[in-house]
Protein chains: 2
Amino acid sequence: MAKISVKLDLNENLFQKDPQETDLGRNIVRHSILLIDELGFEKFNFKKLAERIKSTEASIYRYFENKHNLLIYLLNWYWEWMKVRIDFNTININDPIQKLDLTINIIVDTANRNTTIDFVDEDILHRIVVAEGTKAYHTKSVDKDNQDGFFLSYKSLCKKVADIVLEINPHFPYPRTLASNLIEMGNNNQYFAEHLPRLTDIQYSKGNISEQAIELLKYFAYGAIYANHSKIKQKNGQMKFKPHS
Amino acid sequence: MAKISVKLDLNENLFQKDPQETDLGRNIVRHSILLIDELGFEKFNFKKLAERIKSTEASIYRYFENKHNLLIYLLNWYWEWMKVRIDFNTININDPIQKLDLTINIIVDTANRNTTIDFVDEDILHRIVVAEGTKAYHTKSVDKDNQDGFFLSYKSLCKKVADIVLEINPHFPYPRTLASNLIEMGNNNQYFAEHLPRLTDIQYSKGNISEQAIELLKYFAYGAIYANHSKIKQKNGQMKFKPHS
DNA sequence: CAGTTTTGATAGCTTTACTATTAAAAACAA
DNA sequence: TTGTTTTTAATAGTAAAGCTATCAAAACTG
């Protein structure tokens, strides 16, 4: 497998000093991924990370203002990487259905990659995205973080997926919702399969988790995209009721 | 509006001492809701809560082991309350489609309630569920918490919704996923509309957020439930491709 | 009114999340 | 190669968070 050197463009507000530029920076990124995965984001801190990489807290603070920004940096990295992979994989494909199928594959996991990046373990980063991803924007600082462009990558990723959906059905009324939901649903159902199995229909006993997740996302995606709403309205027609008023 | 005294049955592992039983306990619950809403869960702590209710940290620790358990307590309260409302509202309804529509109304918001509970502000609690809900299970202690029954209410709520879905279409292959996804999607899209509008198709400019969320959830729910998969497979048929292998 | 339980007041301890200072090391330039 | 700048390490210190322990006062219970 080719080892392509990838340097993704990430929003400069996310760091104090670009961690992709120095050994220490790349070390911080590499080991923060491992350590967040080990400890969970709440128990993770810069002191423990410093010990692990035999550096100091103060040095890490020169790269990232705090651990929240580091998490968002990692997520941005992943979202950018997803976009690259979608572009790369769909470059010669015209059929939008094929494009969406491919995109769903990329949403679900990082398997079958055609490159590796030396200082990022993408499988572990994917676990972080699944387990800790929503913490990026579920904070009181969302609006400020959003203004600082912390979610630009996520939004443009969703836009990309939404545009593929619109290629399939230009009249589909909820492209953004479908896009963000495919991503969140994919993450949730993989997490649920492992930790809260009653909340998903994906089951270890049925075989490969990723494959089931892909089938599931396709089912919901095409169910929505091709939804026959005149038929649904007809089926639901008789009862023009007012809910609990 | 009737003021019905409701005491929900909540898992006893969630607290050290039942907060529904004492004035201080009810005060802790009431003001923790207000304070978490104000500060966000990260900045919220027992010391600040103690100041607010003119009590002490130590006293609060006698009710809840830590703030994480308090959050889960509040969420369980809300999930139980949703179940009560679903039961109450669908009690004389036989049409499962009508039941699901009602359920979607209840998922989206707490409007048009027929009761109020004195020590819980449900509108604010709903905001907490939307903004902080996923933090309940995105921790390293999920599996332990799950064993302690911290998510029983959520799971049985999903089961209830899934059963309604199966009433409509007994062959639907993803009832649990649809159930949990309707809840998470409802929460996400309301949150996105407010904070990250590019991630949803709900827009303030289009009018009432809740109504749009209800329409959206119905669209996706019935799209999935009535998905014509032979037709979809036919449309997608020609390309039996292997994604990026 | 005696006994039990609950609460409040106070203290203290460890960890987290930083900031500041200074010196050593590394990088780089003339 | 030496001098200069940048980067890192080492150390110290602070305020807040997240607890635990003790004891006395208050409140409720029989």
* Would you check if there is a donor-acceptor pair between the side chains of B:Y63 and B:T22 at a distance under 3.5 Å? => yes

* Structure fact -> Its contact letters, B for base, S for sugar-phosphate only and - for none at protein heavy atoms under 4.0 Å, make nucleotides 24-30 of chain D read -------

* Can you tell which of B:T177, B:I107, B:V108 makes a side-chain contact (heavy atoms from CB on, under 4.5 Å) with B:L182? -> B:I107

* Taking C-beta and beyond as the side chain, do A:S156 and A:K83 meet within less than 4.5 Å on heavy atoms? -> yes

* To do: If the plane angle is over 60° it's perpendicular, under 30° parallel, otherwise tilted; pick one for A:H138 and B:Y191.
  => tilted

* **Aromatic A:F41 / basic A:K67 pairing, under 6.0 angstrom, 45° off normal** => yes

* To do: Rounded to the nearest angstrom, tell me the gap between atom CZ in A:F44 and atom P in C:dC18.
  => 12 Å

* Asked: OH/B:Y78 to CG/B:L8 distance, rounded to the nearest 0.5 angstrom?
  -> 12.5 Å

* Report the distance from atom CD of B:E51 to atom C1' of D:dA17, rounded to the nearest whole Å. => 13 Å

* Asked: Is there a donor-acceptor contact under 3.5 Å linking the side chains of B:H195 and A:D143?
  -> yes

* Asked: B:K47 NZ to C:dA9 P: how many Å, rounded?
  -> 14 Å

* Take the protein atom NE2 of B:H68 and the nucleotide atom P of D:dC19, then report the distance between them rounded to whole Å. => 12 Å

* Structure fact -> Here the distance between atom P of C:dT7 and atom CD of B:Q16, to the nearest Å, is 13 Å

* Using whole Å, report how far CG of A:L71 lies from P of C:dA17. => 13 Å

* Asked: With sugar-phosphate meaning primed atoms plus P, OP1 and OP2, does A:K67 contact a base, only sugar-phosphate, or nothing at under 4.0 Å between heavy atoms?
  -> sugar-phosphate

* How long is the gap from OH on B:Y137 to CG on B:L75, to the nearest 0.5 Å? -> 9.5 Å

* Asked: Just checking A:Y61: base, sugar-phosphate only, or nothing, at a heavy-atom cut-off of under 4.0 Å?
  -> base

* A:N89 CG to A:I106 CD1 distance, which is reported to the nearest 0.5 Å -> 4.5 Å

* C:dC18 C1' sits how many Å from A:F64 CZ, rounded? -> 17 Å

* Asked: Atom CD of B:E42 to atom C1' of C:dA17: distance rounded to whole Å?
  -> 14 Å

* Asked: Going 5' to 3' along nucleotides 7-16 of chain D, which nucleotides have protein heavy atoms under 4.0 Å from the base (write B), which only from the sugar-phosphate (write S), and which from neither (write -)?
  -> SBBB------

